[in-house]
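Below is one structure. I have some questions about it.
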Amino acid sequence: MSPHPQPQFLCNDVNFYQNINMKISIPEAAKRGWPGNKQSKEYCSSMASARGTTRVGVRTSVRTPVVEEIVPNSGWTEDSAGHYLLVDLPEFRKEEVKLQVDSYGRILVTGEAQANEWKRLHFRLTFPAPVNSDMDNIAGKFDSGILYVTVPKRTTQENKESETQKAGNGDQVERAEENDSHAPSTDDERRDPIQHESHTEQHEVKRNENDRIGEFPELVIYKWEQGSMLSTAAEVLRKNKGIVITAVIAFSLGLWISPPRNTHKTNLCLFLFYSLTAINAHRVQSNKDENMTTPFQQQPPQTVRRLVVEVIDARNLLPKDGQGSSSPYVVADFDGQRKRTTTRFKELNPVWNEPLEFIVSDPDNMEFEELEVEVYNDKKFGNGSGRKNHFLGRVKLYGTQFSRRGEEALVYYTLEKRSVFSWIRGEIGLKIYYYDEMIMEDDKPPPPQTEEQADRPEPEKNKPPPGMVVVEEGRVFEAPGPMEQCVPLPAGPPHSPRVVVVEESPPPVVHVQQDPPLPEMCEPPVSEMPFHPEVRRMQVNRGERVKILKRPNGDYSPKDISKKNVESERVHPFDLVEPMQYLFVRIVKARGLAPPSESPFVKVRTSSHYVRSKPTSLRPNEPTDSPEWNQVFALGYNKTDANSATLEISVWDSPTENFLGGVCFDLSDVPVRDPPDSPLAPQWYRLEGGSADQNQGRVSGDIQLSVWIGTQSDDAFPEAWSSDAPYVAHTRSKVYQSPKLWYLRVTIIEAQDLNIAPNLPPLTAPEVRVKVQIGFQSQRTRRGSMNHRSLSFHWNEDLLFVAGEPLEDSVIVLVEDRTSKEAALLGHIVIPLSSIEQRIDERHVPAKWFTLESGSYCGRVHLRLCLEGGYHVLDEAAHVCSDFRPTAKQLWKPPVGILELGILGARGLLPMKSKGPGKGSTDAYCVAKYGKKWVRTRTVTDSFDPRWNEQYTWQVFDPCTVLTVGVFDNWRMFADVSEDRPDCRIGKVRIRVSTLESNRVYTNSYPLLVLTRTGLKKMGEIELAVRFACPSLLPDTCAVYGQPLLPRMHYLRPLGVAQQEALRGAATKMVAQWLARSEPPLGHEVVRYMLDADSHVWSMRKSKANWFRIVAVLAWAVGLAKWLDDIRRWKNPVTTVLLHILYLVLVWYPDLIVPTGFLYVVLIGIWYYRFRPKIPAGMDTRLSQAEAVDPDELDEEFDTMPSSKPPEVIRVRYDRLRLLAARVQTVLGDFATQGERVQALVSWRDPRATKLFIGVCLAVTITLYAVPPKMVAVALGFYYLRHPMFRNPMPSASLNFFRRLPSSSDRLM
């Protein structure tokens, strides 16, 4: 048994090994003489405290959210003995620095240190080995924050011997590397640790021969100190580059905007102002950095498809250089990528043999991509008369013509013309193929090689990464580098990486034999660990600080699920969704059926699907042997199963279930139809009998049908019967249109000759009112004023209603006498809506007299009626409105863009209904609404992860609108016709169009949230793809932002808030009634939920949310006040002094205040561009105050109107509302008090206070006449910013005077 400790001596936290980026087996550690269990734990804990808790591939800590990459100052020098590298590391200690030599002969210096509790410093430097250097005897020393590295020079004889040895052992190295990855372990590798130790002791213990490292050449130190001063100055400028750049920009702007005589003044002002701004911004940013982190995430390997176009040659090209020849070159354009070949000088039959490689952004849709190859004549090699490169021809190819690598062939394509007038001839030879490549996120380009490295043999270049060097209390250990797999290694000569010593004094160097790692110690190597993209950018761009913010909304925030990283300009139908292939079968009719059947039907069957058509209903006197169906079926199609599957179409008799014949198709022979193609023409097929059919000879007749393979973009898909859609009417995709709504304005002017009851009490005026009804809407005027001379009644009152097309309803006008308890009808009028005049502006509409109908003549009424087409009838809340166009089409402006929505599917939906014992189900469909257009996807039955993959488009007339998408569970398709079972809401998402960048595809997953009486509930996630196709800065698009939000009539004759809410409720009800008459119907609960019909209902939660929104809006003012308070309290003396100087400059040159303020706003906008949202925001639970809401408040929010709760609950809620109203009342009273105190300054209510105020104003007037105002402003500003040692902590005299002024609060009862 080995006397050394066994694996249990290692501390539980293996971060020490992970921190040095290596793997050490247990026998290997035992051989090195590690301390016992207790000592090793103490040592590991000390190392963990010194280095911070780290993990392989992860640089995170509880108290280190920010990792800052730095670039230390370094420099080389040399003398006759060797090369010397010095690295300035003032903020690092010896144990925090690592020195390594890799297999390429490069010197690697890395380090990581804890700067403070919120920041860690990290650096990584790579230096190529100097020429003629002895890398085996490299040594290092760390002293006083400086790392000294000595690389001795080698002699000429050693160089020759090394080269001879490399040439002789090249094959051996290659074979050893092959055995390392495939050969099994041998008995030598399972030796006892004692044998390992004795074997190690046989190696010669080398001393550091370069003892003069402590006596470093004075010339080297002198050069280093000179360079260090320059480097220190550069480092200071680099750390304060924001302030320096801001000052330079300010100086340049001042030089540009100021007249010559005031240039130096303006520059001084802007320099001081932006220096102060930069300092303050740096402080704010430093505070933000405390809450940021840089997580390392591991990404799975990805597959990238590459397309290779080999341009071989061309034949018989057209001469176009004016000298009887051409100098052609080829340009290939694919998926937004454009590449070209070299130019062949004066060659009509050029040969290139050049490959052009492209990345396929969407391999699944590669067959829809277009490759365009164009040939041009290079004008540079012509006679100089050409202004542009002449076109020699082009070839257009599509993805269906591409071959996989290994199956390609040389094909000559005839060059085509670009236009009718082009003169083209010749052909071009191309090889086109594609292949898939597996890549990792951390794949890096190979490091640059020096000339010495390039001359090395190939096996040496491909060596694995070397082992790391570990320094422990004057002892040096070396471990093997990371391996691809944790497998035992064969016995043999191990690859010995070079040893580097980093120490205070030259200690002995201990070589460690390489041993296979134990299985439990195998961890993913650091070099193979894929990092987060932001961290990789941090490693490439040295000196930048990378901050990754956490999602502010937790699990309720949208996520980016886009798979394409390469943007493409390709636009084809249904490019936002995943193509879903279907097998389409169109059954038209049959003829000559035997025996004839009165109601035959058709069965369509595949290996995985079965559908049945509806029976044919024959008309009278029609032949029974020629039925017609005209029905389309869409069956799910799987390309992998199509090679061995068949399609069976059979005709059956409905009453007797007798077989009348059938047809079979091989699915591998079914044609594929693309959306641009015309529909496939149906053909006649002979019906055949089955092999087991006894009446096979009696089967006769033909059936007309067509079969093809298509996608959801096929024209026949919306009306097709699907195999997974047993309820056809409810599961088809549908598009709905809201009715065209008008505002009806009825103006009641006067009424004459009314039959008023004569027996009225004395001094009692009759109470006559007019009631107007249209459909379910009714309004009544106020009491009319009576003219005693003419006995007429006057109102001059406008009543507004909502009318919808088709204008089939009528307006009913009732004149009532409500003097007594029971209303008496004096007459009525019925006016059809179709007879009412329509207007689109504010022009005057003449009034008309209408005779009341009540048997005999009973008076007349003077009315003005018109249908207002200049208003937009609001059917949804104004803040989430999707359309602001007026009703009249004549006033519509052209659209500014196209909104495309791809509804991909949903994930993780909760069960909405019970399906058997212990099992639930969800039959989900999606509804999207924008403008007047509603869309509804098909219902996917019994699925918690439905996939719709449907795409829709809308015209956008105003980008400042909102798209609403909702998900519902279908209950109506399971209910009877007489039963009304409303669909259950699952959740909805709103996307504001103006927040979308032009022509960019957003593919995101949004949570579906529902607020119920029990609280917030996440019902699942919906995946959407949105694109706003819009020219970014065209005049029409920019002009929209300067136009009024609502049509013109809303501002000429505005509507009241209460009136507008009442009209919106009526419009919502009319839209719901209209859509409920469709098939399949959109229920009123769906329409109300999509239109936010209950947004005006009282809610304590919404009140709190609005209050916090106001607080957030005013937060900038509060922050500015706090900053000014810090300035006047001299918390940062430098900033306060700069503000004094800035104030002086602005007072002396007040003309710079306004332009400087606007410039500051511009810079703020540019600065915040980097923090712009990358994903369109969804529902915000924190903003809505939905996460921590009181259950009783939610119950109150969902209560009906009037309330259905018991009196005790209503009393409690009323008392709570009174408490809230009392606080609001107090705040309003405080505001009124302050305003009344301002009025009391000159109202003489307090004579002494008014006398004092007038006297002070007189003194100020005289002072301002006598003293220059600039001096007064400087004195007041310096008095406000005086140091705290000159300030009294008690309130000022002016504030005390103001607080003593009287208000009207003491006069309230």
Side-chain angles (χ1 to χ4, degrees), residues 303-363 366-367 369-383 386 388-418 422-439 443 445-446 448-449 454 458 566-570:
T303 302
V304 173
R305 177 166 293 182
R306 300 183 184 275
L307 176 69
V308 180
V309 180
E310 288 189 12
V311 184
I312 307 300
D313 59 358
R315 303 174 182 173
N316 195 24
L317 296 180
L318 197 67
K320 285 197 175 183
D321 62 351
Q323 300 176 359
S325 183
S326 291
S327 299
Y329 69 92
V330 178
V331 177
D333 192 346
F334 177 80
D335 199 8
Q337 308 166 60
R338 191 175 180 91
K339 298 185 179 181
R340 60 162 289 176
T341 64
T342 57
T343 302
R344 299 305 179 194
F345 178 68
K346 293 191 179 298
E347 183 64 49
L348 296 180
N349 297 294
V351 178
W352 287 283
N353 288 320
E354 295 181 19
L356 305 177
E357 188 169 307
F358 303 87
I359 296 178
V360 182
S361 62
D362 190 0
M366 188 182 68
E367 57 184 357
E369 297 282 1
E370 178 182 279
L371 170 65
E372 186 171 358
V373 181
E374 298 178 341
V375 186
Y376 290 92
N377 171 54
D378 199 336
K379 67 179 181 179
K380 299 179 181 178
F381 299 92
N383 55 7
K388 62 180 182 179
N389 298 331
H390 296 285
F391 180 75
L392 298 180
R394 70 175 179 181
V395 175
K396 282 189 176 182
L397 304 173
Y398 293 91
T400 54
Q401 299 173 265
F402 303 161
S403 303
R404 189 174 293 276
R405 184 167 61 182
E407 303 175 0
E408 72 273 10
L410 176 60
V411 181
Y412 285 88
Y413 299 92
T414 303
L415 296 176
E416 300 174 353
K417 298 180 179 181
R418 186 162 54 183
S422 300
W423 183 26
I424 301 300
R425 77 179 186 193
E427 54 187 11
I428 184 172
L430 302 173
K431 283 185 179 180
I432 305 175
Y433 58 92
Y434 65 91
Y435 64 96
D436 295 331
E437 180 182 11
M438 296 291 296
I439 64 171
D443 283 348
Q449 296 182 351
E458 191 65 26
V566 181
E567 293 187 1
S568 172
E569 297 179 359
R570 168 181 53 85

Would you compute the distance between atom CG of N377 and atom OG of S325 and round it to the nearest 0.5 angstrom?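 Going from the CG atom of N377 to the OG atom of S325 covers 8.0 Å.
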Given V373, L410, V411, the one that forms side-chain contact (heavy atoms from CB on, under 4.5 Å) with L430: V373
Listed partners of L318 passing side chain to side chain contact (heavy atoms under 4.5 Å, CB included), at least two apart: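 Only K320, W423, R425 meet the side chain to side chain contact (heavy atoms under 4.5 Å, CB included) criterion with L318.
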Run the ring pair (Phe, Tyr, Trp, His ring centres under 6.0 Å) test against F391 and tell me which residues pass, sequence neighbours left out.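 Listed in chain order: Y376.
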Filter on salt bridge (charged side-chain N to carboxylate O under 4.0 Å, His left out), then keep only pairs touching residues 347-360, sequence neighbours left out; what's left? R306-E357, R344-E354
How long is the span from the CZ atom in R338 to the CZ atom in F358, to the nearest 0.5 Å?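 One gets 9.5 Å once the value is rounded to the nearest 0.5 Å.
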Side-chain donor-acceptor contact under 3.5 Å, D335 with S361: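 Side-chain D/A pair, D335 to S361: present.
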Donor-acceptor pair, side chain of Q337 and main chain of I359, under 3.5 angstrom: yes
Would you compute the distance between atom CZ of R394 and atom NZ of K417 and round it to the nearest 0.5 angstrom?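 Rounded to the nearest 0.5 Å, the CZ-NZ separation comes out at 12.0 Å.
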Grab the two heavy atoms, one from P328 and one from L392, that are nearest each other, plus how far apart they are. CB-CD1, 3.9 Å
Heavy-atom side-chain contact between L317 and P350 under 4.5 Å: yes
Carefully, step by step, assess N316 and L348 under the rule side chain to side chain contact (heavy atoms under 4.5 Å, CB included). CA-CA 6 Å; N316 195 24; L348 296 180; over 6 Å; no
My understanding is that only residues two or more places apart in sequence, or in another chain, count here; which of them pass side chain to side chain contact (heavy atoms under 4.5 Å, CB included) with R315? N349, Y412, E427
Just distance, no hydrogens or angles: give the donor-acceptor pairs under 3.5 Å from side chains in residues 395-407, sequence neighbours left out.
from	atom 1	to	atom 2	distance (Å)
Y398	OH	E370	OE1	3.2
Q401	OE1	Y398	N	3.1

Could you tell me which residues satisfy side chain to side chain contact (heavy atoms under 4.5 Å, CB included) with R340, sequence neighbours excluded, listed by chain and number?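 By the side chain to side chain contact (heavy atoms under 4.5 Å, CB included) rule, R340 matches Y329, V331, T343, D378.
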Residue pair L415 / V375, side-chain heavy-atom distance below 4.5 Å: yes
Go through the steps for W352 and I312 under the test side chain to side chain contact (heavy atoms under 4.5 Å, CB included), then give the verdict. CA-CA 5 Å; W352 287 283; I312 307 300; over 6 Å; no
Output all residues satisfying salt bridge (Lys or Arg N to Asp or Glu O under 4.0 Å) with D313, sequence neighbours left out; order by chain, then residue number.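 With neighbours one apart ignored, the set is empty.
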Say whether, by atom type as modelled, one donor and one acceptor occur between the side chain of T303 and the main chain of E437 under 3.5 angstrom.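 Answer holds: no.
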Could you tell me the separation between the CD1 atom of I428 and the OH atom of Y413, rounded to the nearest 0.5 Å? 10.5 Å
Would you say that V311 contacts L356 through its side chain, given a criterion of any heavy-atom pair below 4.5 Å between the two side chains?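 Side chain of V311 against side chain of L356, heavy atoms only: contact under 4.5 Å found.
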Check: E372 main-chain N/O paired with D333 side-chain donor or acceptor under 3.5 Å: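 Checked: no pair found.
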